[in-house]
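If you're wondering where the values come from, they're calculated on a predicted model, not measured in any experiment.
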Amino acid sequence: MLRVQDVVVAYGERRVLDGVSLEVSPGELVALVGPNGAGKSTLMGVMSGDVKPQRGHASVDGVDVAAWRAKDLARRRAVLTQEQRLAFGFSAVDVVRMGRAPWARTDREDEDDRVVAESMLRTDVVHLAAQPFPTLSGGEKARTSFARVLAQETELVLLDEPTAALDLRHQDQVLAEARALALGGRAVVAVVHDLSVAAAYADRMAVLHGGAVVADGVPRDVLRPDLVGEVYEHPVDVVEHGGRLLVVPHRLHTTPTPQEETPWSSAR
Amino acid sequence: MTAVLDSHPEAPALPRARTARTSGLFLALGALLVVMVLVAAGRGHLDVPPMQVLGSILHRVGLDVGPLPEHPQGDATLWNVRFPRVALAVLVGASLATAGALMQGVFGNPLAEPSVVGVSTGAAFAASVSIVFSLAFAGSWTTPLLAFAGGLVTTLLVYVMSRSDGRTEVVTLVLTGIAVNAVCSAGMALMLFLGDTAAREEIVFWQLGSLNGSRWQHVGIVLPFVVAGLVGAAVIARRLDVLALGDRAARHVGIDVERLRLVAIVLVALLTAAAVSFAGIIGFVGLVVPHLVRMVVGPGHRVLVPASALGGAVLLLAADLVARTAVESADLPIGMLTSLVGGPFFFWLLRRTRRSAGGWA
């Protein structure tokens with residue numbers, strides 16, 4: 001479905017991606033994780049065709065993303081960008097409808113209303129349908145945009161930080177939908193920051209570090225304390241709770257020495 | 001996939017598109033346009049009541065109903081003086097408003113407008129060159145063609161200079177407009193200096209904007225420009241909506257952004273040239289009309305573009321009527337009138353945009 005081969009992207013002297021290869025097959029949700037500046041967004045840009053790599057290429061269904069016609073590619077892959085901007089006060093439902101643009105003047109156009117309504121239901125934004133998009137909160141915008149991506153009905157779905165602005169409930173809801181897409185046979189790539197959440201929903205995790213994939217496998221193999229600790233330059237514990245993997249970073253401020261603690265308590 | 005969908009309850013009903021408001025707006029604008037045409041054509045030095053204007057039109061098309069103008073010169077005045085002017089006002093108004101709507105869509109900025117960013121001035125400058133140097137390489141088409149070229153160059157220039165990272169900030173756009181306007185005004189000043197008295201008079205007329213002296217021949221030349229521009233605008237309208245998502249997201253849903261932009265810019269130049277060629281610089285129509293339409297029916301371009309064309313026609317007809325009849329036996333420059341109203345409106349819009357965007361972004 002999606003194949004990234006030996007991709008190098010450099011901005012000036014700095015190599016943001018240095019020989020990255022990655023494959024995503026139909027039916028799997030791949031979580032892309034890594035510290036800030038690891039090159040996750042750039043890799044998403046390469047996969048969606050926004051960033052032209054200096055070397056290597058990304059291909060969808062065996063064809064280089066740069067070689068696809070914009071409309072044909074849009075019928076195969078949808079992208080949720082990190083930032084959601086909108087000029088003019090289109091309503092939320094109008095924005096979701098924009099996801100149907102690739103199917104204009106095809107047989108599938110007839111399903112527009114049903115698909116749009118279902119997408120909005122699945123991201124819990126039906127009650128916002130008539131509201132102007134610019135007046136929505138960050139999380140509501142993100143969910144509306146996710147509905148737009150769902151409405152595009154593509155075999156490949158790229159999600160750049162879909163959960164960044166979301167509360168606990170909607171974070172799980174969005175990733176559950178992403179998981180459902182994968183179960184339905186689509187290929188899904190999502191950049192996720194919370195490792196525990198990523199482990200809970202992803203079939204595979206790819207760890208990006210310093211412009212290279214340093215680990216790629218099922219969450220249980222990837223989430224080793226030594227690897228995570230090294231990549232994030234921060235010690236972590238990986239614990240199992242009710243069959244789920246939890247990554248617990250060592251807290252910087254919760255290891256006070258008794259001497260420091262005493263004056264505080266006595267002062268109170 | 002189906003398994004997941006089935007786990008959800010029945011798909012909810014979406015809020016219906018505002019069809020009632022939309023058709024209401026089109027009906028109102030259409031009716032207003034007809035009434036304005038009948039009233040505007042009749043008013044003037046020689047007054048013809050609207051019913052007689054209607055009668056005159058019906059008789060011309062072969063329907064012998066309704067009263068004919070009572071005044072012996074009535075029919076001739078209508079067909080030789082009034083109707084060409086009314087027709088040109090309709091075409092110019094529709095062009096300007098549509099050009100504004102297109103430009104705002106392309107720039108993703110509600111403040112973009114041919115006269116604000118200097119496209120009108122660019123077209124007028126190129127046209128004034130043809131007058132001063134008596135160019136006639138394409139007969140009576142020379143002036144509109146040059147205006148089109150001037151409009152195209154300035155639109156491209158503004159577009160290239162004011163965009164960064166896929167969008168146009170208000171402050172950049174307005175400042176670019178100042179720069180472009182300054183250069184083109186300097187060019188027009190030079191043409192004023194070089195031209196003889198007759199050319200000067202014509203150029204000054206243009207700077208002020210006026211529909212005085214409209215003839216059928218002008219209408220005939222402008223018509224193909226306007227028709228091409230309006231049809232093109234209607235064709236790309238749906239895709240313009242998606243452009244509101246920004247360049248990248250628009251590309252992700254399958255829009256060839258660069259090509260769409262280029263087509264839209266050519267259309268803007270075409271429509272601006274049509275308006276400027278014989279009527280001069282008439283500002284702010286493209287700013288006011290699309291904005292009002294958006295307030296009534298929302299920002300969807302499939303409605304916005306045709307509604308703006310209708311609204312622009314109505315507005316310019318009304319403005320021209322005022323220009324002709326406000327002062328006894330004087331023909332006020334219509335560009336002056338529209339700027340008088342449009343200037344404060346622009347200021348208000350600027351304040352509002354600044355507030356909602358939380359700064360000058």
Side-chain angles (χ1 to χ4, degrees), chain A residues 45 48-50 69-75 77-81 83-91 93-104 113-122 126-127 129-130 132-135 145 148-149 152-153 158 176-177 179-181 183-186, chain B residues 1-18 101 104-112 165-168 238-260 290-291 294-295 298-302 304 353 356-358 361:
Chain A
S48 57
D50 296 334
R69 271 182 53 211
K71 183 176 272 182
D72 293 330
L73 189 57
R75 289 174 182 169
R77 71 97 184 84
V79 185
L80 179 68
T81 51
E83 251 185 289
Q84 282 90 36
R85 286 197 301 232
L86 188 77
F88 306 113
F90 286 97
S91 65
V93 66
D94 286 341
V95 171
V96 179
R97 263 182 213 290
M98 289 177 189
R100 297 299 295 168
W103 304 108
D113 284 339
R114 182 186 60 79
V115 174
V116 167
E118 270 169 12
S119 305
M120 296 187 79
L121 190 67
R122 286 157 65 181
V126 174
H127 61 291
F133 185 83
T135 65
S145 301
R148 192 197 82 220
V149 167
Q152 210 171 324
E153 290 196 299
L158 305 174
E177 284 301 337
R179 181 95 201 87
L181 287 176
L183 278 175
R186 285 118 196 269
Chain B
M1 195 72 253
T2 36
V4 177
L5 281 182
D6 288 344
S7 72
H8 287 287
E10 192 63 16
L14 295 173
R16 288 312 315 160
R18 286 178 270 189
Q104 287 147 25
V106 170
F107 282 86
N109 191 320
L111 293 172
D165 192 24
R167 66 199 205 117
T168 311
R238 184 184 172 134
R239 276 175 283 167
L240 280 180
D241 281 357
V242 181
L243 223 45
L245 292 172
D247 283 12
R248 275 177 60 196
R251 213 171 289 125
H252 294 157
V253 292
I255 302 294
D256 189 338
V257 176
E258 296 314 316
R259 209 182 61 187
L260 177 61
H291 192 81
R294 263 189 223 109
M295 281 165 72
H301 287 87
R302 263 177 298 177
L304 178 67
T353 311
S356 67

Honestly, the part of B/R238 sitting under 4.5 Å from a heavy atom of chain A is side chain
Which atoms of A/A78 are under 4.5 Å from chain B, going by heavy atoms: the side chain, the backbone, both sets, or neither?
neither
Can you see which heavy atom on B/H252 is nearest to which on A/Q152, and at what distance?
O-NE2, 3.0 Å
Largest heavy-atom contact set with chain A, pairs under 4.5 Å, which of B/V242, B/L245, B/L243, B/V257
B/L245
Applying a strict 4.5 Å limit to non-hydrogen atoms, the region of A/L73 in contact with chain B is neither
Do the ring planes of A/F88 and B/H301 sit parallel (below 30°), tilted (30 to 60°) or perpendicular (above 60°)?
perpendicular
Kindly give the heavy-atom pair with the smallest separation between B/D241 and A/M98, and that separation in Å.
O-CE, 3.5 Å
On a heavy-atom basis, which atom in B/G108 and which in A/A87 lie closest, and how many Å separate them?
O-CB, 3.5 Å
Engaged part of A/R69 at the chain B interface, taking heavy atoms whose separation is under 4.5 Å:
neither
Count the heavy-atom pairs under 4.5 Å between each of A/M120, A/R148, A/R75 and chain B, then report the option with the highest count.
A/R148
Between A/F133, A/F90, A/W103, who has the most heavy-atom pairs with chain B when the cutoff is under 4.5 Å?
A/F90
